[in-house]
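Atoms within each ligand, like the ligands themselves, are counted from 1 in listed order. This one's a predicted model, so the numbers in the text were calculated from it and none came from an experiment.
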Amino acid sequence: MNIEQVFINNKKWVMSRLLVDENYFQDLSKGQNPDLLYIGCSDSRVTAEDMMGVEPGEVFVHRNIANMVSSLDFSAQSVINYAVNHLKVNHVVVCGHYYCGGVQAAMQAKDLGILNPWLRNIRDVYRLHRKELDSIENEEERYKRLVELNVQEQCVNVIKTADVQYAYKERGLKVHGWVFDVKTGKLIDLKLNFDEILQNISEIYRLLD
Ligand code: CO
């Protein structure tokens, strides 16, 4: 990549924005008021704003390898805390994607160093849903299903946090599980039943009275 080109592109982008609205950046500098927290994969093909067709200021974004929500990850937990408690978002999205290298790497018998503990969480997802996954003979379909189930389990991890439980109770905050299909460009809503999931796990993970 030609790094200088990036700055040339940036100048063009600034110009194009100012052509439409001369106060565009002035207004952006006044603050943000996003209604949606997006937690997705770092994969370069899955660009949050582009695929949703949203503008700067509309979505608060957190990305990491394989869109994981780990209770020991201060970065992800801080993002959730800030988005839910301070920005007061009403939607939290965990978005995975088919052909995710992180998910694929997690299922290999290979020592990946620092990635081992990170990707181990995906092996845990596999173990939780082993019966279903082992019954899928086609390898590509099995990986795709693991991507979906990983999204589901990360949504559950979002629901486990006190911030989200308070916001659900107080203002009906919603958690969504999505998958982006790199092959078609389509965004798929897994239509996870938030109330049902909450009901199922509430006895174990409930933090509020
Ligand atoms: Co990925």
May I ask you to test the Glu55-Arg17 pair for a side-chain heavy-atom distance under 4.5 Å? yes
Test of understanding: with side-chain hydrogen bond (donor to acceptor under 3.5 Å, both in side chains), list the residues that count as partners of Asn157, not counting sequence neighbours. Gln154, Lys160
Are there any protein N/O/S atoms under 2.8 Å from the Co ion (ligand 1), and if so, which? Cys41 SG, His97 NE2, Cys100 SG
With Glu148, the side-chain contact (heavy atoms from CB on, under 4.5 Å) member among Ile188, Leu192, Val179: Val179
Considering the options Leu207, Leu173, Asn85, which one meets the side-chain contact (heavy atoms from CB on, under 4.5 Å) requirement together with Val164? Leu173
Are Gln152 and His129 linked by a side-chain donor-acceptor pair shorter than 3.5 Å? no
Taking it one step at a time, do Tyr82 and Phe60 satisfy ring-ring contact (aromatic ring centres under 6.0 Å, His included)? CA-CA 10 Å; Tyr82 186 70; Phe60 201 64; 5.7 Å; yes
